[in-house]
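Report on one structure; see the data block that follows.
This is a predicted model, so every value here is computed, not measured. Numbering of ligands and ligand atoms starts at 1, following listing order. In this chain, residues are counted from 1 in sequence order.
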Amino acid sequence: MPDSQPGYRGRFAPSPTGPLHLGSLIAALASYLEARRHGGAWLVRMEDLDPPREEPGAAASILDALAAHGLHPDEDILWQSARHAAYDAALQTLGSRGLLFRCDCTRAMLGPGGACGGRCAPRQSAIGEHHALRIRVPDNTVIHFRDGLQGEFSERLDAALPDFVLRRKDGLYAYQLAVVVDDGFQDITHIVRGSDLLDSTARQLYLQACLGLPHPHYLHLPVITHADGQKLSKQNHAPPLVAAQAGNNLRQALDFLNQPQPPAALRDCDGILASACANWNPAALPPVLGMPGPRDAR
Ligand code: GLU
């Protein structure tokens with residue numbers, strides 16, 4: 001059912017750590033269909049931020065696979081590798097607001113989840129080039145948001161994920177920084193992505209507030225798993241999608257998203273996508289198992 005919302009801007013933001021697999025197609029397709037339902041724009045951003053984790057040729061193969069599935073972005077691809085100046089500018093802004101500190105704590109000095117216990121605090125001015133930049137999260141920072149599928153969330157950010165890294169010791173920008181700067185730069189209003197990223201959302205909302213950026217709406221999808229319950233991901237060798245099977249792949253993704261199947265006579269991706277758009281019903285999306293929050297709080 002169309003629900004036109006002028007100014008809706010959604011996106012799919014893959015990291016080129018391997019080829020597109022069914023799990024990433026599900027996120028791409030759901031974000032695309034939500035954008036279409038609202039009469040909005042759908043963008044693709046290549047998060048090529050971390051060369052050591054990237055696989056040569058993966059970015060091109062992901063873009064080819066999206067095209068083979070009929071998923072064509074409405075604007076040029078934004079490449080994070082070309083956005084370093086913007087990330088530096090954001091760090092400057094945060095630094096000038098007194099929100100950053102240098103951390104050269106070794107792994108052994110860090111607490112659970114890589115939290116900095118503050119041992120670097122008294123040495124700030126003596127810390128050399130080899131340091132991470134972390135953002136301060138004051139005590140009692142409670143982040144609240146309402147997920148489009150999972151309902152209400154509240155998190156004590158200082159307790160759960162304190163003082164997180166924005167630029168790593170190796171000089172690479174952290175995903176949390178880049179994603180927030182670029183969602184702001186691209187005027188993204190709605191983020192539809194896998195629930196494996198749910199625990200990043202509070203950090204991103206906090207960073208948006210620190211940078212004076214608007215908060216997008218979030219909808220976190222259930223994540224497809226291997227038979228053993230492990231998330232299907234490039235790291236655990238999810239099989240790449242075969243372009244010749246694109247129509248079937250879309251059908252499988254729709255099945256996972258609990259959406260009606262397009263008529264069997266439709267074989268090409270454009271026809272399947274048109275039918276999926278006409279019948280897309282986010283209220284039918286499956287819940288994320290184990291997630292708190294009322295599903296009907298949309
Ligand atoms: N690049 C991230 C990934 O592939 C997703 C970023 C996002 O959707 O916020 O896991």
Side-chain angles (χ1 to χ4, degrees), residues 8-35 41-55 58-63 65-66 71 73 77-83 86-87 90 143 145 147-150 153 161 164-166 168 172-208 211 213-225 230-238 240-241 253 257 288:
Y8 182 111
R9 289 170 68 82
R11 50 63 159 186
F12 173 57
S15 303
T17 50
L20 198 74
H21 55 78
L22 184 60
S24 35
L25 180 67
I26 288 167
L29 179 63
S31 60
Y32 172 89
L33 293 173
E34 263 297 87
W42 183 70
L43 279 61
V44 172
R45 180 169 73 231
M46 191 53 69
E47 302 212 316
D48 53 345
L49 197 64
D50 190 349
R53 282 188 59 230
E54 286 159 21
E55 192 182 286
S61 119
I62 290 172
L63 297 177
L66 289 173
L71 297 169
I77 311 291
L78 186 71
W79 295 78
Q80 289 195 325
S81 52
R83 298 273 303 145
Y87 309 144
I143 305 289
F145 70 99
D147 185 87
L149 182 59
Q150 318 299 335
F153 276 87
L161 302 151
F164 52 96
V165 171
L166 297 187
R168 296 175 0 193
L172 294 179
Y173 302 97
Y175 155 69
Q176 308 294 353
L177 176 72
V179 81
V180 162
V181 170
D182 288 341
D183 283 333
F185 174 68
Q186 296 189 286
D187 295 322
I188 299 300
T189 60
H190 290 72
I191 293 177
V192 176
R193 61 185 182 188
S195 57
D196 52 318
L197 290 164
L198 195 53
D199 74 347
S200 287
T201 307
R203 280 175 276 186
Q204 293 171 17
L205 288 162
Y206 175 66
L207 258 180
Q208 287 153 7
L211 286 165
L213 294 169
H215 299 306
H217 297 274
Y218 289 89
L219 189 158
H220 287 90
L221 301 162
V223 165
I224 190 163
T225 57
Q230 262 204 338
K231 181 196 158 201
L232 207 66
S233 73
K234 296 155 197 162
Q235 286 72 28
N236 61 29
H237 311 296
L241 294 174
L257 293 165
V288 176

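Listed by number with element, the atoms of ligand 1 under 4.0 Å from a non-hydrogen atom of R193 are 7 (C), 8 (O), 9 (O). Counting the atoms of ligand 1 from 1 in the order shown, those under 4.0 Å from a heavy atom of R11 are 7 (C), 8 (O), 9 (O). Of all atoms in ligand 1, listed by their number and element, those nearer than 4.0 Å to a heavy atom of V179 are 9 (O).
Neither the backbone nor the side chain of I191 has any atom closer than 4.0 Å to an atom of ligand 1 (non-hydrogen atoms only).
The closest donor-acceptor contact from the side chain of S31 to the backbone of V192 lies at 3.5 Å or more, if one exists at all.
By the 4.0 Å heavy-atom criterion, Q204 is excluded from the residues contacting ligand 1. Residue Y175 places a heavy atom less than 4.0 Å from ligand 1.
With F185 as the aromatic partner, R83 meets the cation-pi criteria of under 6.0 angstrom to the ring centre and within 45 degrees of the ring axis.
A pairwise comparison of heavy atoms in L213 and V180 identifies CD1-O, 3.6 Å as the closest pair. Among all heavy-atom pairs drawn from D147 and H220, the shortest one is OD1-ND1, 2.7 Å.
Inclusion of A13 in the set of residues having an N or O under 3.5 Å from an N or O of ligand 1 is warranted.
Compare E47, H220, R45 by their heavy atoms: the one nearest to atom 1 (N) of ligand 1 is in E47.
Under the salt bridge (Lys or Arg N to Asp or Glu O under 4.0 Å) criterion, D187 pairs with no residue at all, not counting sequence neighbours.
Ring geometry for W42 against F12 counts as parallel: the plane angle stays under 30°, on a 0 to 90° scale with 60° as the upper cut.
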